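If you're wondering where the values come from, they're calculated on a predicted model, not measured in any experiment.
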Amino acid sequence: MASRYDRAITVFSPDGHLFQVEYAQEAVKKGSTAVGIRGTNIVVLGVEKKSVAKLQDERTVRKICALDDHVCMAFAVLNTFIGLTADARVVINRARVECQSHKLTVEDPVTVEYITRFIATLKQKYTQSNGRRPFGISALIVGFDDDGIPRLYQTDPSGTYHAWKANAIGRSAKTVREFLEKNYTEDAMANDNEAIKLAIRALLEVVQSGGKNIELAIIRRNQPLKMFSAKEIELQVTEIEKEKEEAEKKKSKKTV
Amino acid sequence: MAATFFGEVVKAPCRAGTEDEEEEEDRRETPEDREVRRQLMRKSREVRLLRRQTKTSLEVSLLEKYSCSKFIIAIGNNAVAFLSSFVMNSGIWEEVGCAKLWNEWCRTTDAVSLSPTEAFCVFYHLKSNPSVFLCQCSCYVAEDQQYQWLEKVFGSCPKKNMQVTILTSRHITDYKTSESTCSLPSPFLRALKTQNFKDPVCCSLLEQPNIVHDLPAAVLSYCQVWRIPAILYLCYTDIMKLDPITVEAFKPVLSSRSLKGLVKNIPQSTEMLKKLMVTNEIQSNIYT
């Protein structure tokens, strides 16, 4: 009977569930979809934008944010959180402070794994303290480390984190992940453009109104982060649709 | 009684029976129950079946007035969108009536003047074959109103030569399984049928404990009691609002005997579905 064991965060159920943590994972599914892809020389983060109210300032509804960038802008750590907006804001602030604190203390910028572990540890603490509830957010964190290797990590409300080659979180994450499993190949990812296209194609599987509801950011090795403008995304979407049409024409030719 | 760590008192269940029966009854009636009783007295919880043109109440139940061989009922926004895009686009459907009701789930507080977009169940029949009926029910029918709905639609002595198909969707957390909901391939379809339903089923049957709720359960129970062949196709999804992936999960049902003859234009259906998705729906700021 879930109802007797799901009120207090610190109580296990007889069959070993921590219901509040599982319910927090349901909260993540209420957010929009985000996709992260790790290429050979590039990392890509794509998010589904929600339609904003008429009078709302769109600039304040950004989903992809930088946690840190090095002084010379050689690399950056980008992330996106999906789930409860307010929880995301709090965790992002803590992570940003930690990035600077680390830099001041050891004179080196954080590695992607370090900051992911920090965020995950923070989330785990909130699953084990009384009087608090878990953060209802999952995060995709991307960046390049000093050694030039691209990284993609995912965290969830329970405080676990894992490295991924490509992953999706939020609404319909399962559908997008299956799409990525079918279409991700190491060889294709050696091409930056292919990685960007894969991210957009994966999002188009679940985003209803096409390119105008997608936000995309990339980091290339030794280059500063780049946020795609709406025009650039539209260009990619048109290219993808062309490729789709050509593939379908070829298919119909074969059957005829 | 047991006190938890936070000082909240949790009543431990006792098989020996309660000590004081009377006190128990009073405590069980919540403010919501009292409100429902008040509404019952005011008759505002009545389910009314109205004729299409005249908007007058039907004197007899819908299926007593018209003969029916096939009855397809869609309950919930995803099932309704599925029928609108895939079934109602081919063939001409004529509205025969609607059921008007009000309960605490409706967004308005006024029980008398309801706008057409809320708390309506609309009934259609196919012009080319008037014994094929379709019901689009996008409102919630409360427990005390389900019996009234059944009486007004099926009547007290239904004919047994019809087949009923019900489509609905539920949140995946309702699906009883020992697996975590994250590992389930949602959305997916399950079926539950009455004893007299002999046709092939388009998906696997709902596993034990096979519990269903609300109006679909009421209709299925009614059909079981009256030995009407009926089947419920239930789509478990993790998105409760109108979602194209959930709607498309109903597609296997298109191959069932009851829907086969009614579906023609599938590519057009996908277009219609896209249009139905309200893209200007402003989503709340709570979730990012």
Side-chain angles (χ1 to χ4, degrees), chain A residues 1-5 7-11 15 17 19 22-23 25-32 34 47-56 60-63 80-89 130-131 136-137 156 158 170-176 178 205-210 212-213, chain B residues 1-13 78 81 85 170-188 209 236-249 267 270-288:
Chain A
M1 280 284 279
S3 51
R4 292 187 56 207
Y5 298 97
R7 280 253 220 91
I9 175 63
T10 51
V11 174
D15 53 350
H17 287 274
F19 283 110
E22 293 183 17
Y23 298 166
Q25 278 164 340
E26 291 300 317
V28 173
K29 292 188 197 163
K30 290 183 123 71
S32 46
V47 194
E48 178 194 354
K49 264 201 303 209
K50 283 191 183 177
S51 37
V52 292
K54 245 191 191 165
L55 298 174
Q56 195 173 41
T60 56
V61 193
R62 286 266 176 264
K63 301 233 189 142
T80 179
F81 281 95
I82 296 294
L84 287 155
T85 322
D87 286 7
R89 194 187 62 233
N130 60 358
I137 43 179
D156 67 17
S158 62
R171 189 169 67 92
S172 313
K174 220 165 193 228
T175 317
V176 180
E178 280 165 7
E205 291 281 303
V206 295
V207 168
Q208 283 132 14
S209 38
K212 63 175 161 55
N213 273 20
Chain B
M1 303 284 201
T4 64
F5 182 80
F6 302 107
E8 57 174 295
V9 173
V10 175
K11 186 162 196 291
N78 285 306
S85 327
R170 291 290 292 192
H171 198 267
I172 196 164
T173 44
D174 271 357
Y175 183 65
K176 315 272 183 250
T177 171
S178 50
E179 290 176 48
S180 140
T181 51
C182 301
S183 57
L184 291 170
S186 71
F188 57 90
Y236 284 103
T237 173
D238 50 3
I239 299 161
M240 279 323 283
K241 58 183 174 102
L242 192 57
D243 168 57
I245 298 181
T246 307
V247 174
E248 299 212 338
T270 337
E271 278 309 308
M272 272 205 72
L273 184 59
K274 274 196 193 156
K275 278 195 205 148
L276 274 176
M277 295 296 139
V278 183
T279 45
N280 58 3
E281 180 197 299
I282 304 303
Q283 288 154 37
S284 101
N285 284 317
I286 302 181
Y287 297 101
T288 174

Residues which pass side chain to side chain contact (heavy atoms under 4.5 Å, CB included) with A:Q25, listed by chain and number, not counting sequence neighbours: A:E22, A:D156, A:P157, A:S158, B:C182
Between A:S172, A:A173, A:G83, A:G31, the one whose heavy-atom pairs under 4.5 Å with chain B are most numerous: A:G83
Part of A:K30 lying under 4.5 Å from any heavy atom of chain B: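 Contact with chain B: backbone and side chain both.
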Contact class of A:T175 relative to chain B, heavy atoms under 4.5 angstrom: side chain
Side chain to side chain, A:V206 and B:I245, heavy atoms closer than 4.5 Å: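 Side-chain contact under 4.5 Å: yes.
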Any side-chain heavy-atom pair of B:I239 and A:K29 under 4.5 Å: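 No, their side chains stay 4.5 Å or more apart.
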From A:I137 atom CD1 to B:Y287 atom OH, the distance as rounded to the nearest 0.5 Å: 13.0 Å
Side-chain (B:T288) to main-chain (A:I82) donor-acceptor, under 3.5 angstrom: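 Side chain of B:T288 to backbone of A:I82, a donor-acceptor pair under 3.5 Å: no, none is there.
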Set of side-chain hydrogen bond (donor to acceptor under 3.5 Å, both in side chains) partners for B:S186, sequence neighbours left out: B:D238
Part of B:T246 lying under 4.5 Å from any heavy atom of chain A: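 Neither part.
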